[in-house]
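To start, the structure itself, in structure tokens.
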Amino acid sequence: MLEIKGLHADVDGTEILKGIDLSIGEGEVHAIMGPNGSGKSTLSYVLSGRDGYNVTAGSITYRGRDLSELNTEERAAEGIFLGFQYPVELPGVSSTTFLKTALNAVRRHRGEEELDAVQFMKRLRVHTKALNISDDMLRRGVNVGFSGGEKKRNEILQMALLEPYFAVLDETDSGLDIDALKVVAEGVNALRGPKRSMLVITHYQRLLDYIVPDYVHVLAHGRIARSGGKELALELEEKGYGEFVAGTEAA
Amino acid sequence: MSYTSETAEQVSSIAGDKYKYGFVTDIETEMAPKGLNEDIVRFISAKKNEPEWMLQWRLRAYERWLGMDEPVWAKVDYPEIDFQDAYYYSAPKSMEDGPQSLDEVDPELLRTYEKLGIPLHEQAMLAGVAVDAVFDSVSVATTFRKELAKAGVIFCPISEAVQEHPELVQKYMGSVVPYSDNYYATLNSAVFTDGSFVYIPKGVRCPMELSTYFRINQANTGQFERTLIIADEGSYVSYLEGCTAPQRDEHQLHAAVVELVLMDDAEIKYSTVQNWYPGDENGKGGIYNFVTKRAACRGRNSKVSWTQVETGSAVTWKYPSCILQGDNSVGEFYSVAITNNLQQADTGTKMIHIGENTSSTIIAKGISAGRSQSTYRGLVRMQPGAKGGRNYTQCDSLLIGDKCGAHTVPYIENRNRTAQIEHEATTAKISEDQLFYCRQRGLSDEEALSMIVNGFCKQVLQELPMEFAVEAQKLVGISLEGSVG
């Protein structure tokens, strides 16, 4: 699904990613953990092709294609989804309009027929019910006045609709209480499948109790400092990131 | 719009037919020489076969204009206009002078038509290509006129109204915007060429939306257009002006006057989509649009609603206003002004509260992109008699990029202690975060921008009649092309 080799990237001339190697197979869920400032969010932006995040060395191969050839919206249409840590507000743009426009843009790219309003609403209803998203939320401006939990549920709703092959979930747990976290995690788990891979970025182990990863990686100072199974998360919970921060500095 | 413009095409083809049979005279007349003097005013009046009172009115306006100075208070900057270097009367061009097929039309213009989803035969009409009248058009236009006549509604060119309904024209023309009102309105009064006249009789709800499209003989009246709408007691009319498709015009200077008169319990909804040629990226060749629009709510409980979407012209100078004289009368102003490249817009409204319990609402949305400048300029005045008067104003500006400007200049004058005035203003910038968020969901830069801006304008766009609104949404996106990325 995704092959990252020797990836270096900078933002405004400051190198943030300093040689990342990561291989994610079909249907696998990988977790990236790490201290603040280790480059977790940068990695998510580099994968989604955000302007200003420049790959200076190395390569990213996604489903057999060199990602550098694709811009942000092409990557999205090719099935790369980024669940935002801080979903952005779009005042005046109703969620329904936004979702329909996005889905049809992606469908157009994929050579599928665009959905009309009736077809779209039918599809939308299935997901909103599962995620407990009210009609009122759909009528409001995208993320405007949404609580933390509503924003994250809205992200998962978008993921469910857009049916990506590869989803990056950036700190999906931030700003959520335990009940909201459970709803979101259930939503994510429902979307796990043999054809869909995920990269779950988180600072805390807590989320991984609900979204159980196949692999866990520790990102520190722009490199993957350690990889392991899900038990690595528990170990980190116990010991903290001190070892990695100190370790890299020494090296 | 396809309904309206198809009908328009049919109507215009009827006009052509009439010409063929000689029903419309003096179409193929010569141009008046360049420049402006008393003879030109007399020439125009004579061409229109006007009665003496009309000519005298024009001459008084011309006299007045000579002693006036061009206003300089607006935040717009353009080279000095040489009023002696313009033509003030030119007969409608015959079709042979225009492009003969779409192949001869500017491809940029065609591209825009395509994006607006305008069918081919309409594109041809808009671009001024000679269109063969292939429709069985007589029925539609006749039905349209019959329907209006049945309701007693008068809708005709103002030049026709001068001949056919002189008592109405004499009574009301200049009663809202006097010939001495301001530089451009005075110029218009002297040299106006044509425009619309509407009279809705007592208690009549106009059975259809009146569009400038339906006006027979409308070709080439855009330069100094004059519109007069009278809504008698208890009547209602919705009037649509303009077109979402970009229109080219050979005249750079446009100075229109619109007067609305409302009696007791009357209501007028006046919607405008203005998309005159804005000039190229460097602002060259764009139209100067100096418009005076004013409504007089003379009767009790009368209501006027201005809705405008301004996307065109190089320079826009326009303040549709409401004089709320009748007790309980209501004035509304909903505006979207989009400027891109080097466009400049200084637009807003005036709400003059005279009667008791009069209320007004102003929702103005300005979007600036490129190196453009957009100014909201609005006056709210409560006269001493405006007991219980209310105003709510909301001015929002949206900036795209860092080379444009947005300005808000509210004038608030309150002379009655029971009146309430509220003013809210915001300025926001489209953030890179918002664009990235949309693009990550598969939208292109342009789709994202169009969606965000449409969201910003929604409050205003939803005031437009349905078919206009859908197109205006597309237009909003197209107007901002090339402003990001």
Side-chain angles (χ1 to χ4, degrees), chain A residues 44-45 47-53 70-110 114 139-144 151 154-155 157-159 161-164 167-168 170, chain B residues 115 117 309 334 336 338 363-367 394-401 424-463 466 469-470 472-474 476-477 480 484-485:
Chain A
S44 74
Y45 291 144
L47 289 172
S48 47
R50 184 167 191 165
D51 292 341
Y53 290 75
L70 304 176
N71 68 23
T72 308
E73 56 267 33
E74 288 164 343
R75 293 182 196 198
E78 289 289 329
I80 292 181
F81 179 89
L82 172 59
F84 283 64
Q85 181 179 3
Y86 304 109
V88 178
E89 295 186 3
L90 303 174
V93 180
S94 83
S95 291
T96 309
T97 307
F98 177 68
L99 293 168
K100 180 163 176 269
T101 312
L103 180 58
N104 279 334
V106 167
R107 289 180 68 90
R108 206 159 53 233
H109 178 92
R110 292 175 184 169
E114 293 186 32
R139 271 192 297 269
R140 274 187 273 163
V142 177
N143 294 319
V144 177
K151 281 185 181 171
N154 193 30
E155 292 293 290
L157 171 65
Q158 293 174 42
M159 175 165 137
L161 268 174
L162 296 174
E163 300 179 324
V168 182
D170 189 5
Chain B
K115 287 199 174 163
V309 176
Y334 300 99
V336 168
I338 300 179
I363 309 284
K365 306 272 183 178
I367 297 115
Q394 185 189 331
C395 279
D396 298 321
S397 307
L398 190 65
L399 301 170
I400 301 168
E424 282 179 27
T426 65
T427 302
K429 218 179 141 171
I430 290 193
S431 69
E432 201 270 328
D433 279 350
Q434 288 174 319
L435 291 174
F436 173 63
Y437 190 65
C438 295
R439 290 180 68 195
Q440 210 300 307
R441 299 301 184 245
L443 277 66
S444 68
D445 258 344
E446 283 176 359
E447 284 172 313
L449 186 68
S450 168
M451 193 171 65
I452 293 168
V453 173
N454 268 301
F456 176 77
C457 306
K458 195 157 83 182
Q459 252 179 310
V460 172
L461 297 181
Q462 69 194 9
E463 294 295 326
M466 194 63 148
V470 174
Q473 281 178 19
K474 285 193 211 162
V476 163
L480 292 167
V484 287

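Quick caveat: nothing in here was measured; it's all calculated off a predicted structure. In what follows, chains carry the letters A, B, and so on, assigned in the order in which the sequence lines appear, proteins first and then strands, with residues in each chain numbered from 1. What you see below is based on every heavy atom in this structure, not just the backbone, and it leaves out hydrogens, waters and symmetry mates.
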Inter-residue atom distance Ser48(A).OG - Arg441(B).CZ, 0.5 Å rounding: 9.5 Å
Electrostatic pair Arg110(A)-Glu163(A), nearest N-O below 4.0 angstrom: no
Glu78(A), part contacting chain B, at a heavy-atom distance under 4.5 Å: neither
Heavy-atom pair count under 4.5 Å with chain B, highest-scoring of Gly92(A), Ser94(A), Pro164(A): Gly92(A)
Nearest-0.5 Å distance, CG of residue Asp433(B) to SG of residue Cys438(B): 11.0 Å
Under 4.5 Å from any heavy atom of chain A - which part of Phe456(B): backbone
Heavy-atom donor-acceptor pair, Asp170(A) side chain to Gln85(A) backbone, under 3.5 Å: no
Region of Phe81(A) that comes under 4.5 Å of a non-hydrogen atom in chain B: both
Leu162(A) portion near chain B, given a 4.5 angstrom heavy-atom threshold: side chain
Part of Arg50(A) lying under 4.5 Å from any heavy atom of chain B: both
Polar side-chain atom of Gln440(B) near backbone of Thr72(A) as donor-acceptor pair, under 3.5 Å: no
Proximity of Phe98(A) and Tyr437(B) rings by center, below 6.0 Å: yes
Top contributor to chain B contacts, counting heavy-atom pairs under 4.5 Å, from Ile80(A), Val142(A), Asn104(A): Ile80(A)
Rounded distance (nearest 0.5 Å) linking atom CG of Asp396(B) with atom NZ of Lys365(B): 4.0 Å
Chain B interface, residue from Leu99(A), Val93(A), Asp51(A) that has the most non-hydrogen pairs under 4.5 Å: Val93(A)
Contact class of Asn454(B) relative to chain A, heavy atoms under 4.5 angstrom: neither
Engaged part of Pro87(A) at the chain B interface, taking heavy atoms whose separation is under 4.5 Å: both
Main-chain N/O of Leu70(A) paired with Arg75(A) side-chain donor or acceptor, under 3.5 Å: yes
Region of Glu432(B) that comes under 4.5 Å of a non-hydrogen atom in chain A: both
